[in-house]
Amino acid sequence: MEYAIECIDLHKSFGSHKIHKGIDFKIVKGAITYIIGPSGTGKSVLLKQICGLMPPTRGKVLVNGQDITVMSQNELVQMRKKFGILFQNAALFDSMNVYENVAFPLVEHTKLPKEEIDKIVAEKLRLVGLRDVEKKLPSELSGGMKKRVGLARAIALEPEIMLYDEPTTGLDPIMCDVVDNLINDTQKQLGITSVVISHDIESTLKIADYIAMLYDGKVVLYGPTEVFKTTDNPYVKQFFSASKEGPIKIM
Ligand SMILES: Nc1ncnc2c1ncn2[C@@H]1O[C@H](COP(=O)(O)OP(=O)(O)OP(=O)(O)O)[C@@H](O)[C@H]1O
């Protein structure tokens with residue numbers, strides 16, 4: 001099995017607040033891995049460490065076998081080009097139209113001629129199921145459309161790895177389904193390794209190839225989705241049933 005990302009004994013603290021207390025798991029290349037766990041367990045912080053936006057306090061993160069925690073700032077900038085990131089709020093530039101938003105990374109990071117950029121923007125927008133929206137501003141789009149534009153921008157540079165931070169939060173059930181399918185299709189069509197943080201258990205069980213559950217600074221269970229459907233792991237069972245009874249302390 002080939003791994004895109006390996007977290008090795010990862011620790012992260014903010015002052016005396018210990019967030020990660022030894023995270024160990026390997027993300028399979030080309031697969032969709034969901035990271036789940038109660039609020040505040042450090043899922044977003046983990047995502048930021050995986051793509052080198054935040055250094056761990058201790059431990060290693062290997063991307064394609066290379067330890068990114070020892071990289072220089074320049075090396076990190078190069079390494080980050082492997083990643084496409086879709087943040088919770090899609091983080092579009094409000095003053096730029098859809099075309100300009102999707103073209104932005106291509107203009108910033110490549111020397112491609114305008115005609116080539118036009119072609120890529122059109123292709124990525126088609127891939128996320130949007131047409132005739134190039135001239136619209138983000139304020140004219142629905143939440144689901146903004147996510148799709150955000151995804152088109154994130155895949156513009158054809159990343160090897162896509163990171164999604166709570167992609168369906170705040171969307172209605174139909175839009176959630178659209179975004180789920182988008183994650184699935186992006187991985188199937190482009191073979192991208194995908195890492196998704198989600199609170200949506202139904203989406204997780206439907207889309208994930210692998211699931212990692214975080215609690216109290218550690219991975220309490222990691223494995224193929226099938227394992228999560230039948231596990232007796234008390235953390236997973238409590239989390240899935242939204243029960244107050246069990247080892248997870250309600251804050
Ligand atoms: N830059 C920072 N400085 C200090 N504390 C931080 C910083 N970033 C995150 N934290 C803290 O780390 C903890 C984990 O945050 P994180 O956002 O990763 O949780 P999460 O599991 O993604 O939560 P949620 O599911 O609610 O989004 C929180 O207590 C948060 O306040």
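For the numbers below, each heavy atom of this structure counts, side chains included, while hydrogens, waters and symmetry mates do not. Just so you know, ligand 1 is whichever comes first in the structure, and atom 1 is the first atom listed for that ligand. All figures in this text were calculated on a predicted structure; none of them were measured in a lab.
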Residue, atom name and distance, where the atom is the protein heavy atom closest to atom 8 (N) of ligand 1: F14 CZ, 3.6 Å
Specify side chain, backbone, both or neither for V45, according to which of its non-hydrogen atoms lie closer than 4.0 Å to ligand 1. both
D177 and K206 ion-paired at < 4.0 Å: yes
May I ask whether atom 30 (C) of ligand 1 is less than 4.0 Å from at least one protein heavy atom? no
Closer than 4.0 Å to some heavy atom of H17 - which atoms of ligand 1 meet that? 29 (O)
Please indicate whether E2 has more than 12 foreign heavy atoms, meaning atoms of other residues, nucleotides or ligands, lying under 6.0 Å from its CD. no
Which residue holds the protein heavy atom closest to atom 13 (C) of ligand 1, what is that atom called, and what is the gap in Å? I19 CD1, 3.4 Å
Are side-chain N/O atoms of K188 and N184 paired as donor and acceptor at under 3.5 Å? yes
Within less than 4.0 angstrom of ligand 1, does K48 place any heavy atom? no
Using a strict 4.0 Å threshold on nitrogen-to-oxygen distance, state whether E123 and R126 make a salt bridge. no
Minimum-distance protein heavy atom relative to atom 27 (O) of ligand 1: E166 OE2, 3.1 Å
Any chance the side chains of Y99 and D118 put a donor and an acceptor closer than 3.5 Å? yes
Find out whether E160 and N64 are in side-chain contact, i.e. whether some heavy atom of one side chain is under 4.5 Å from a heavy atom of the other. yes
Quick note on ligand 1: atoms under 4.0 Å from a heavy atom of K43 include exactly 18 (O), 19 (O), 20 (P), 21 (O), 22 (O), 23 (O), 24 (P), 25 (O)
Can you tell me which residue and heavy atom of the protein come closest to atom 28 (C) of ligand 1, and the distance to 0.1 Å? G40 O, 4.3 Å
Among all the protein's heavy atoms, is there at least one whose distance to atom 3 (N) of ligand 1 comes out below 4.0 Å? yes
Checking heavy-atom distances from atom 26 (O) of ligand 1 to each of G37, S39, G42, the winner is S39
Proximity of F104 and F93 rings by center, below 6.0 Å: yes
Main-chain N/O of L62 paired with D67 side-chain donor or acceptor, under 3.5 Å: no
Could you find the nearest protein heavy atom to atom 17 (O) of ligand 1 and give me its residue, atom name and distance? S44 CB, 3.7 Å
